[in-house]
Each structure stands twice: as structure tokens, then as C-alpha cells.
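Worksheet: one structure, shown below.
Atoms within a ligand are numbered from 1 in the order they appear, just like the ligands themselves. Only this structure's heavy atoms are used, side chains among them; waters, hydrogens and symmetry mates stay out. Quick caveat: nothing in here was measured; it's all calculated off a predicted structure.
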Amino acid sequence: MRAVQVVRLDGPEAVEVNEVEEPTAGADQVLIDVEAAGVVFPDLLLTRGQYQMRPELPFLLGSEVAGTVREAPDGSGFRAGDRVAALPVLGGFATTVACSTETVFPLPDGVSFDVGAGLPMNYLTAHFVLDTRAHLQPGETVLVHGAAGGVGVACIQFAKARGATVIAVVSSAGKGEVATAAGADHWVPVEGFKDAAKELTGGQGVDIVVDPVGGDRFTDSLRSLGDDGRLAVVGFTAGDIPTVKVNRLLLNNTSVVGAGWGAYASKRPGFMHRQWDAIRDDVANGRLAPPISATYPLAEAASAIGELAERRVTGKVVIHPREH
Ligand SMILES: NC(=O)c1ccc[n+]([C@@H]2O[C@H](COP(=O)([O-])OP(=O)(O)OC[C@H]3O[C@@H](n4cnc5c(N)ncnc54)[C@H](OP(=O)(O)O)[C@@H]3O)[C@@H](O)[C@H]2O)c1
């Protein structure tokens with residue numbers, strides 16, 4: 001089969017599309033014929049050797065997919081022909097992938113493969129960040145950084161589905177439009193976002209900040225929080241890992257919470273399936289659905305991943321492994 005292979009750690013432009021052996025399903029694995037694969041930031045980091053997981057070279061790339069079950073173990077709840085979304089973590093940019101039953105999820109009828117391919121990582125992360133870690137309550141205000149990116153859009157949609165008000169922070173008006181289309185009540189530019197957040201909340205500050213970006217905006221994020229506010233640390237797309245002066249937490253009774261979904265879920269069998277059950281109705285009714293910003297054939301995987309590297313993404317980039 002054809003698959004995207006990382007043969008050296010020189011970034012997205014160095015990935016290769018090669019003919020490799022088709023996988024076979026292990027005892028607890030589902031074999032999936034892939035129709036669409038979502039591109040996520042960790043795919044980019046993996047091409048550079050900058051992700052926490054460092055597979056031995058060469059390895060197959062592709063974290064999340066949607067497609068049709070070809071083979072499934074008895075008692076798994078899946079059978080040949082089922083439409084599914086899945087999180088293989090590696091090997092998803094390929095025509096076929098084998099995936100643990102723990103990370104395969106039924107795709108509701110009417111949800112396209114493109115949308116399905118954008119669900120597992122970012123939407124289960126959004127559920128984890130806002131529900132499990134930041135304890136979002138209806139009526140609260142959530143400020144989302146990197147709001148037109150994959151995690152950002154998922155957090156906007158999840159927060160809106162749970163009855164929150166959302167302030168999106170983005171680097172351009174075009175990205176502001178994407179955030180608004182995703183349901184954000186307001187969008188504000190990165191420059192001056194703290195003052196804008198204060199103004200939009202009548203001086204109170206926001207209840208939750210979702211931060212997949214990090215870098216030099218961190219202190220202003222803390223200053224944007226109201227009493228009992230929570231800042232969820234999700235990622236560092238800006239590159240720098242911020243530090244925090246803890247007196248700021250004491251002064252306003254605020255919390256900084258780490259939100260590392262993969263590490264949490266992988267230690268708790270069944271957790272991802274319970275998360276999927278929690279978002280399933282909103283997936284089925286279309287409230288949780290990544291806007292597809294671009295689709296690429298497998299041969300152009302380097303360009304697809306490059307969109308994330310160049311900060312150009314507005315929504316979800318999807319690869320079609322069966323397209324030439
Ligand atoms: N903690 C977890 O469990 C978890 C799970 C999934 C992903 N993540 C992490 O979350 C982060 C976001 O992932 P994503 O899929 O949403 O990525 P994405 O779609 O590429 O969006 C990232 C956003 O970050 C902003 N950004 C600021 N500086 C940037 C830079 N130098 N290069 C690229 N983007 C920059 C951009 O927004 P503006 O241009 O508007 O500033 C961009 O839209 C990544 O670090 C990823 O590893 C964490």
C-alpha cells in the first residue's frame with residue numbers, strides 16, 4: 001500500500017510517499033480502510049523529532065483517520081463495513097491502518113469521513129481540557145488562543161455546546177471569521193487581547209483560558225482571568241514554554257492546570273470511549289464538526305503538513321489517501 005513515511009527528521013518537506021507492506025490486525029486491533037486522515041500539530045512535530053514520542057526511523061505518519069472497518073475482533077463491538085473514526089497515532093496517512101479497539105469510535109450516519117477524520121484528537125482534547133480539567137460550567141466565559149486552529153475551533157464548538165460565552169484570540173481578521181463561524185461570540189487580535197477580554201466581561205475577567213499557543217502571551221492570559229479562573233495549558237505552538245510567577249495565582253485565586261490528554265487517556269482504559277459517548281450527540285447533530293479548510297491527495301502530504309508549519313491553517317486540513 002501507499003503511505004507517508006518519515007525517513008529523516010527534517011520537517012514536513014522531507015516526508016516521502018512510499019510503497020510499504022499493508023498492516024495486519026493484532027489481537028486487539030481493528031483494520032481500517034482509510035478514506036480521510038486529519039493532519040494535527042503532533043504530525044508536524046513528529047517530522048521534526050520534536051514530539052514527546054520519538055519512533056525509530058523510518059516510521060509511518062498519521063495520527064487520526066476516518067474510514068471503513070475491514071476486520072475487527074469478536075466482541076469488540078465493531079464489524080466489517082462499519083464507518084468509524086480512529087486515532088492510530090502513527091500510520092494513518094495510508095490506505096489501510098491497524099488501530100487498537102481503545103481508539104476506534106463509531107462514526108454516526110450522516111457525518112462525512114472528512115469531518116470524522118478531524119474529530120478524535122482535537123474534539124476529545126477539547127472535552128478533556130474544558131470538562132475534565134477546567135470544569136467548565138454553563139454560563140461561564142472561555143477565552144481560546146489559537147482559536148482558528150484545530151484545537152481552537154474544537155474548544156470553541158465544545159464550549160458553545162455547553163452553554164459558554166467564547167472570546168477567540170487570533171492573529172488575523174480572516175482567522176477571526178473562522179472563529180466566528182465556529183460559534184465564537186467575539187474575536188480579538190493577539191495584540192491587546194487582555195484589555196479586550198476585560199472590556200468584554202465588564203471588567204470581571206474570563207473564567208477559563210485555553211492556551212495551545214504558549215510563548216509571551218502567558219502572563220497576559222493570567223491577567224485576563226477573573227476570580228477563581230482557570231488557565232489550561234494545552235500546547236506551545238509559539239515555541240517558547242512560559243514560566244509563571246505564582247504570586248499571580250495567589251492574588252486572584254486562579255489556577256494553572258496542565259491538560260495532557262494523551263498521557264491521561266492512555267493510562268485509563270475505556271476513558272476515550274466514555275469521552276466519545278459524551279460528545280456523540282453533538283457530533284451526530286453537527287454542533288461538533290471541524291470546518292474543512294483544505295483537502296490533499298496522499299502525494300501532497302508534505303504540503304498538507306506544511307500548512308500547520310506556516311501558521312496558515314484555518315480549520316482542518318485533511319489528506320485523502322486513496323486519491324492520486
Ligand atoms: N495537550 C493536549 O492534550 C493536546 C492535544 C492535541 C494538540 N495539542 C497541542 O495543541 C497545539 C495546537 O494544535 P492545533 O492542532 O490546534 O494546531 P494548529 O491547527 O496549527 O493551530 C495552532 C495555532 O497556534 C497559533 N500559533 C501561534 N504561533 C504559532 C507558530 N509560531 N506556528 C504555528 N502556529 C502558531 C496559530 O494561531 P494564530 O495565528 O491565530 O495565533 C495557529 O492557528 C499544538 O501544540 C499541539 O501539539 C495538545
Out of [options], whose heavy atom is nearest to [atom]?
atom	options	value
atom 40 (O) of ligand 1	Ala263, Gly262, Ser171	Ser171
atom 33 (C) of ligand 1	His145, Lys316, Arg311	Arg311
atom 2 (C) of ligand 1	Ser293, Ala259, Gly258	Ala259

Original post:
Looking only at atom types and distance, does a side-chain atom of Asp207 sit under 3.5 Å from a main-chain N or O of Thr141, one as donor and one as acceptor?
Top reply: yes
Subject >> Modelled atom types, side-chain donor and acceptor of Tyr296 and Glu323, under 3.5 Å >> reply: no
Original post:
Between Gln275 and Trp261, do the side chains contain an N or O donor and an N or O acceptor separated by less than 3.5 Å?
Top reply: yes
Heavy-atom distances under 4.0 Å decide this one: backbone, side chain, both or neither, for [X] against ligand 1?
X	value
Thr125	side chain
Val213	side chain
Phe236	backbone
Glu310	neither

Original post:
With side chains defined as the heavy atoms from C-beta onward, is the minimum distance between Val210 and Leu143 less than 4.5 Å?
Top reply: no
**OP:** Fit a plane to each ring of Tyr264 and Phe128, take the angle between them on a 0 to 90° scale, and name the class: parallel (under 30°), tilted (30 to 60°) or perpendicular (over 60°).
**Re:** tilted
